[in-house]
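So the structure is just underneath, and the comments pick up after that.
On a predicted model such as this, the values are computed, not experimentally measured, just so you know. These numbers come from the heavy atoms of this one structure, side chains and all, not from hydrogens, waters or symmetry mates.
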Amino acid sequence: MSAGNKEQQHPLYNRDRPIVDTLLTQEVTDYNLAELARLRIRYQGFPGAKDIQRDLNQILQQWSLTEEQLFEKTRQLHNLGGIYKSRGKREEEDWN
């Protein structure tokens with residue numbers, strides 16, 4: 001077996017899998033669009049987590065969106081601001 005063919009485990013897989021499962025059952029909302037776009041970017045080109053990548057594609061299909069449409073919508077949402085409200089008292093960005 002070639003080492004280059006081995007699937008890697010994404011370090012955030014265990015945190016992202018439940019989010020993907022939730023998105024599969026939910027409707028389109030601004031927050032859900034932002035989450036889908038964030039996860040698409042995170043897993044784009046990643047050599048593993050094929051189940052998450054497959055499910056992200058399925059969510060796009062369920063919501064009748066192309067990746068280009070998704071990114072256009074989320075760019076507009078982020079320009080408006082406030083998609084990810086801080087859970088704390090002060091305003092901060094979550095880069096996790």
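Between the side chains of D55 and Y43, no donor N or O sits under 3.5 Å from an acceptor N or O.
For the pair T74 and D30, the minimum side-chain heavy-atom distance is 4.5 Å or more. Residues V20 and E35 have side chains not in contact (no heavy-atom distance under 4.5 Å, counting atoms from C-beta outward). Counting heavy atoms from C-beta outward, L39 and L23 have side chains that approach closer than 4.5 Å. In this structure, W63 and L70 have side chains that are not in contact, with every pair of non-hydrogen atoms separated by 4.5 Å or more. Counting heavy atoms from C-beta outward, N57 and R40 have side chains that approach closer than 4.5 Å. Q53 is not listed as a side-chain neighbour of Q44, based on a closest heavy-atom distance of 4.5 Å or more.
One distance of note links CZ of R38 with NE2 of H78; it measures 9.5 Å at 0.5 Å rounding. With values rounded to the nearest 0.5 angstrom, L36 atom CG is found 8.0 Å from F71 atom CZ. The CD atom of E67 sits 8.0 Å away from the CD1 atom of I41 when rounded to the nearest 0.5 Å. For the atom pair CD1 of I52 and CG of D16, the computed distance is 5.5 Å after rounding to the nearest 0.5 Å. L12 CG to R17 CZ: the interatomic distance, rounded to the nearest 0.5 Å, is 14.0 Å. E72 CD to L65 CG: the interatomic distance, rounded to the nearest 0.5 Å, is 12.0 Å.
More than 12 heavy atoms of other residues, nucleotides or ligands lie within 6.0 Å of CD in Q9, so this atom counts as buried by the packing criterion.
Residues forming a side chain to side chain contact (heavy atoms under 4.5 Å, CB included) with T66 (at least two apart in sequence, or on another chain): E68, Q69.
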